[in-house]
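Residue numbers begin at 1 in each chain, while the letters A, B, ... track the order of the sequences. As the structure is a computational prediction, the values presented were derived from the model and not from experiment.
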Amino acid sequence: MPQQKTKRIKTTITVNGETREVEIEVPDIEAAWGDPKNMRWLGKRIPRVEGADKVTGRAKYTYDIQLPGMLYAKILRSPYPHARIRSIDASRAEKLPGVKAVITDLTREPKYVGEEIAAVAAVSEQVARDALHLIQVEYEPLPFVVTPETAREPSAPRVHGGQNVSGGNPRERGDVDSAFRRSDVVVHEATYSVPARSHCCLEPHGLVCQWQGDKLIAWASTQGIFSVRDELAGALGIPASNVRVICEHMGGGFGSKFGARAEGVICARLAKMAGAPVKLMLDREEEQLATGYGPGVTAKVKIAATRDGQLVAWESETYGTGGIGGGANIPLPYIYPVPNVRTRHYDIATNIGASAALRAPGHPQASFIMESAMDDLAHRLGMDPLEFRLKNDPNPVRQAEYRLGAERIGWNRRSQMGARVPGAIKRGLGVASAIWGGGGGAGSRPTVRIEPDGSVEVRLGTQDLGTGTRTYVAAIVAEELGLHIRQVKALIGDTDYGYSGASGGSTTTASVAPAVKMAAMAARERLVAVVSQHLQANPADIVLADGKVTARNGSEKSLTWKQACALLGKEGIEVQGEWNANLQGSGVAGCQFAEVEVDTETGKVRVIKIVAVQDCGLVMNRLGVESQIYGGVTQGLAMALYEQRLFDEQTGRMLNANLEEYKLPGPLDMPDIEAIVYDNPTGKVSGMGEPPVIPTAAAIGNAVFHAIGKRIHSLPITPAKVLEALGKV
Amino acid sequence: MDDEREKLPQHPSQEVDTSRRQFLRNLGVTAAIASLLSSGAILEERRAKRAQAQTSQTPPGGETTLRGTVAVTLQVNGKQHTLQLEPRVTLLDALRDHLGLTGTKRVCDRGSCGACTVLLDGKPVYSCSVLAVDAQGKKIETVESLAQGEQLHPLQQAFVEHDALMCGFCTPGFIMSLKALLDKTSQPTPQQVKEACAGNICRCGTYNRIFEAALSAVQSMRRGG
């Protein structure tokens with residue numbers, strides 16, 4: 001056997017929401033997507049295949065699963081940010097009619113408000129709630145700290161026993177101090193900050209667990225059915241092969257739904273104890289307190305460029321908090337290459353639940369800090385901020401995107417706007433940019449089956465977070481076999497369908513699509529081998545299109561799809577595919593332009609328009625990719641103007657642990673959004689769920705700066721901050 | 001903090017105010033609210049009386065006190081259903097947990113997101129903020145009533161074609177808010193469309209496509225006569 005060719009590639013991998021760049025060795029197998037111009041489905045506007053199920057209410061989410069005899073579980077959570085549990089007495093709860101199982105061994109020392117203390121399964125949710133009230137817990141409250149500013153002080157209560165502050169090692173290249181001292185540079189110094197933001201998935205975290213003997217079936221609202229399986233198996237001490245996880249539809253994850261998590265293990269344990277299926281879905285307050293959030297970060301920044309606008313030095317000291325977890329670091333300097341750099345980052349522990357990955361972890365924060373500093377420096381240099389970026393951004397894709405976006409937003413109107421134009425309502429334009437990995441990884445094992453009656457099925461244990469996975473999985477197979485997309489049944493969201501990785505770091509499409517393509521190609525090859533014999537044609541002359549199999553050899557003999565499949569014999573075709581690195585790419589660039597209107601009397605910012613230009617690699621589904629851009633921009637706008645988690649230092653409680661005081665934009669807050677898909681001619685598939693969320697807040701912040709001539713240094717940009725910046729309060 | 005959300009009309013074009021505060025103010029079922037704020041004493045009482053429903057009149061305010069479980073008759077999507085429910089069960093939970101109509105979604109369970117919107121006598125309400133007992137005698141429409149077999153309602157069809165949904169969890173709520181608008185206004189303006197769903201939240205960020213879909217549905221309904 002000849003030795004298989006291999007090559008080394010750089011790609012992104014995601015483990016429990018942590019995304020990092022790695023270099024791996026992969027098989028080098030010839031394969032290509034082909035010319036997008038010749039495609040019937042891929043790259044076109046394909047309505048999602050489960051659309052009808054979702055608009056009619058037929059789609060069953062985890063929250064909608066109902067099983068005979070199913071119980072409902074609720075979790076008792078710590079009311080204290082830090083406490084020792086002296087005793088728990090659940091005897092009254094156990095005696096309440098309808099209560100079927102109680103767990104009280106979850107922790108002895110809760111470290112945040114909302115940490116799991118005890119749990120109950122009962123015949124109804126109301127009874128389960130009643131039972132929680134009957135559990136008597138004696139707490140010894142302990143000292144705590146919930147803000148990073150206080151937690152940094154030497155006298156602050158220790159969250160984990162040791163120091164609250166970790167990190168701080170400088171990362172350095174070049175000669176930073178000399179660069180800042182050069183006589184031909186302009187230096188800008190400022191502090192910028194971004195608050196922690198909650199995911200607010202509309203379907204809460206939760207599961208339904210059902211035991212069948214020593215086997216467990218878990219319906220989970222998750223971004224990783226296999227990571228839920230592995231975590232449940234590990235926590236329960238049973239083989240992974242005894243656990244089946246199902247997630248047919250799920251109501252949003254945004255990085256917070258990896259693994260079984262505490263509620264998953266609790267749900268499985270209660271179901272085992274009660275001998276009945278158990279549903280455990282969190283409520284809105286629990287979502288805010290105990291399911292993670294994107295960490296906030298504050299950055300003290302120093303940046304310098306030569307008078308003609310060439311970046312020469314960057315220094316930043318950042319600190320942020322991931323609560324009792326870590327992970328508040330961000331990539332700085334962002335996007336723009338700077339020759340002399342020194343960065344220091346500190347993670348600060350606080351008595352708040354652990355943070356989780358949130359759509360493009362660290363990048364929107366880094367973008368706001370870097371792009372604000374870039375604009376402020378451009379202002380000091382007397383340069384147009386777009387020109388400053390064109391000069392310092394070597395990425396060829398973004399160079400093209402800047403020009404396209406500037407034209408669409410009407411950047412040339414910029415000089416007629418801004419603080420100096422008379423009137424109470426000021427207008428401004430801003431720009432910011434993004435980069436994201438989005439490459440894929442090996443492991444997905446899709447199966448394509450062609451039955452002798454012509455039906456076609458593709459199965460894979462991936463999941464659709466609403467990003468459209470199911471649709472492009474079906475489309476790839478339909479494209480390869482010359483079928484209508486409705487003729488291909490795509491089965492996903494079940495660990496019985498074969499391994500695929502978790503959906504995070506925008507790695508799903510670049511991992512799944514190449515493997516499905518390889519499986520579809522293998523299925524096609526088998527079919528062509530059989531049909532070419534029957535039609536007495538060379539396999540290379542067989543064409544599959546429009547539901548027909550035709551010999552393009554002059555004879556033009558043709559079979560309908562059904563006739564061709566009838567030749568397969570009873571066993572049909574069943575083939576697996578493996579990931580192929582030659583079909584995927586990574587590193588998608590984007591930029592966004594914002595136009596805003598600021599009422600200088602009220603301080604209210606209205607975003608009028610966002611133009612988002614996004615490199616999406618080879619587009620699988622244009623309609624779906626545009627939706628991702630709309631979604632990213634909308635969440636970026638939320639970050640710019642509305643979102644922040646507020647804590648009370650006195651009690652350690654979150655003040656807006658809900659959906660009304662934790663503010664999200666509604667329909668009336670929406671600007672016009674122009675989503676421009678930049679078709680990258682590389683012909684490789686990339687993930688792009690995350691990139692479009694990255695630059696929006698920074699672009700809006702810069703537009704506000706242009707409009708009022710004052711920088712708002714911290715997000716969200718509230719009317720109060722605007723009025724304060726204008727010296728009106 | 002700015003106070004945007006509070007200022008938003010929940011369903012502005014409707015004469016019935018279904019906001020949280022109004023809901024609490026209008027509530028006539030006193031025992032039900034006491035039970036929502038369940039205390040040990042009520043639990044003791046309930047344990048004793050669980051098996052049988054009792055209804056008694058409290059003379060001064062003319063209010064009804066309900067305990068145990070009660071027979072509740074709901075007219076949902078044209079069919080009558082009689083259920084045995086605790087009085088504190090919301091219309092949302094009655095639909096989802098007792099009638100298996102899970103198209104109506106539970107997200108915030110306190111009237112701030114609109115995912116549970118259904119029509120009550122043609123008016124959009126947050127079904128999490130209406131008690132099932134109070135929905136008796138009214139015509140209840142849920143998202144399950146819109147399609148005729150495989151034939152989608154023009155709004156649903158437009159949502160699919162315009163990809164006005166991603167995760168889809170908010171979708172039934174938006175569709176019902178917009179259905180209420182289209183039932184009474186055949187030619188809504190873009191602003192009316194936005195206002196009709198101003199009490200609904202989408203976290204995936206599909207708003208602009210929802211507006212697009214709704215206006216396109218208006219066109220296709222007009223073409224269809």
Side-chain angles (χ1 to χ4, degrees), chain A residues 47-48 50-52 54-61 63-64 66 96-97 124-126 129-130 133-134 200-204 249-252 254 283-284 465-467 604 623-624 626-627 630-635 642 646 658-661 663-670 672-673 718-720, chain B residues 1-2 4-6 8 38-40 43 47 50 86 88-89 93 96-97 100-110 112-113 115 142-144 146-147 150 152 156 159-161 163 165-172 175 194-195 197-211:
Chain A
R48 62 188 66 220
E50 77 281 11
K54 285 181 171 174
V55 298
T56 54
R58 285 198 302 257
K60 291 286 178 198
Y61 295 73
Y63 214 145
D64 304 331
Q66 281 170 319
L96 183 70
S124 75
E125 196 184 315
Q126 287 89 348
R129 277 185 200 280
D130 291 345
H133 288 287
L134 297 176
C200 301
C201 319
L202 289 200
E203 182 181 32
H249 302 286
M250 67 91 84
F254 312 115
D283 66 23
R284 242 344 96 183
L465 316 187
T467 47
K604 187 164 165 50
L623 197 58
E626 285 171 0
S627 284
Y630 281 112
V633 167
T634 305
Q635 291 188 351
Y642 304 108
L646 297 168
N658 50 47
L659 270 187
E660 58 270 10
E661 287 136 333
K663 300 211 176 287
L664 297 175
L668 297 176
D669 302 313
M670 291 311 295
D672 179 20
I673 299 172
T718 59
Chain B
M1 296 274 306
D2 67 337
E4 271 319 297
R5 176 77 50 212
E6 285 300 318
L8 287 181
S38 91
S39 70
L43 286 174
R47 217 172 304 162
R50 187 173 200 88
E86 284 192 52
R88 59 178 165 171
V89 171
D93 290 354
R96 287 178 54 82
D97 296 343
L101 294 171
T102 55
T104 306
K105 300 300 181 208
R106 194 198 216 196
V107 172
C108 70
D109 207 26
R110 55 191 275 172
S112 54
C113 76
T142 73
V143 72
E144 283 90 350
L146 267 60
E150 288 304 301
L152 299 179
Q156 293 173 315
F159 264 63
V160 175
E161 282 169 11
D163 206 34
L165 66 153
M166 284 188 250
C167 85
F169 215 69
C170 70
T171 308
I175 287 179
K194 288 182 187 182
E195 284 173 5
C197 52
N200 295 69
I201 287 177
C202 165
R203 183 53 159 162
C204 294
T206 55
Y207 295 122
N208 290 35
R209 285 208 148 143
I210 290 172
F211 310 149

What's the spacing between A:D669 CG and B:K194 NZ if we round to 0.5 Å? 10.0 Å
Note: B:D163-A:R48 ion pair, threshold 4.0 Å (strictly below): yes
Side chain from CB out, backbone as N, CA, C, O: work out which of these in B:C108 comes under 4.5 Å of a heavy atom of chain A, or both, or neither. both
Examine distances only and state if a side-chain atom of A:Q635 and a backbone atom of B:R203 form a donor-acceptor pair shorter than 3.5 Å. yes
Approximate separation, where rounding is to 0.5 Å, of B:R110 CZ and A:L659 CG: 9.0 Å
Take the angle between the ring planes of B:F169 and A:Y63 and call it parallel below 30°, perpendicular above 60°, tilted in between. parallel
Looking only at A:E203, A:K60, A:E125, most heavy-atom pairs under 4.5 Å shared with chain B are made by A:E203
Against chain A, label B:I175 side chain, backbone, both or neither, depending on which of its atoms sit under 4.5 Å from a heavy atom there. side chain
If you count heavy-atom pairs within less than 4.5 Å of chain A, which of B:V107, B:T104, B:V160 leads? B:V107
State, to 0.1 Å, how close A:P667 and B:N200 come at their nearest heavy-atom pair, and which atoms those are. CD-O, 3.3 Å
Largest heavy-atom contact set with chain A, pairs under 4.5 Å, which of B:T206, B:D97, B:L152: B:D97
Are A:E626 and B:R209 ion-paired here, with the side-chain N under 4.0 Å from a carboxylate O? yes
List the steps and the verdict of side-chain contact (heavy atoms from CB on, under 4.5 Å) for A:T467 and B:M166. CA-CA 6 Å; A:T467 47; B:M166 284 188 250; over 6 Å; no
Given A:G252, A:C200, A:C201, the one with more heavy-atom pairs under 4.5 angstrom with chain B than any other is A:C200
Name the option with the most non-hydrogen atom pairs under 4.5 Å to chain A; the candidates are B:I210, B:L165, B:L146. B:L165
Please round to the nearest 0.5 Å and tell me the distance separating atom OG of B:S112 and atom CD of A:E661. 9.0 Å
Heavy-atom contact with chain A under 4.5 Å, split by part of B:A115: neither
Can you check whether A:P665's main-chain N or O pairs, donor with acceptor, with B:Y207's side chain at less than 3.5 Å? yes
Contact part of B:N208 toward chain A, heavy-atom cut-off under 4.5 Å: side chain, backbone, both or neither? side chain
Heavy-atom distances under 4.5 Å only: say whether B:T171 touches chain A with side chain, backbone, both or neither. side chain
Heavy-atom cut-off 4.5 Å, strictly under: side chain, backbone, both or neither for B:E161 against chain A? backbone
Can you tell me how far the SG atom of B:C202 sits from the CG atom of A:L202, to the nearest 0.5 Å? 7.0 Å
Looking only at A:E50, A:Q66, A:R58, most heavy-atom pairs under 4.5 Å shared with chain B are made by A:Q66
Heavy-atom distances under 4.5 Å only: say whether B:D93 touches chain A with side chain, backbone, both or neither. side chain
Which one, B:C170, B:C204, B:G100, B:C113, leads in non-hydrogen pairs under 4.5 Å with chain A? B:C204
Determine, step by step, whether A:D64 and B:R96 satisfy the side-chain contact (heavy atoms from CB on, under 4.5 Å) criterion, reporting the C-alpha distance in whole Å, the side-chain angles of both residues, the deciding distance to 0.1 Å, and the verdict. CA-CA 8 Å; A:D64 304 331; B:R96 287 178 54 82; 2.9 Å; yes
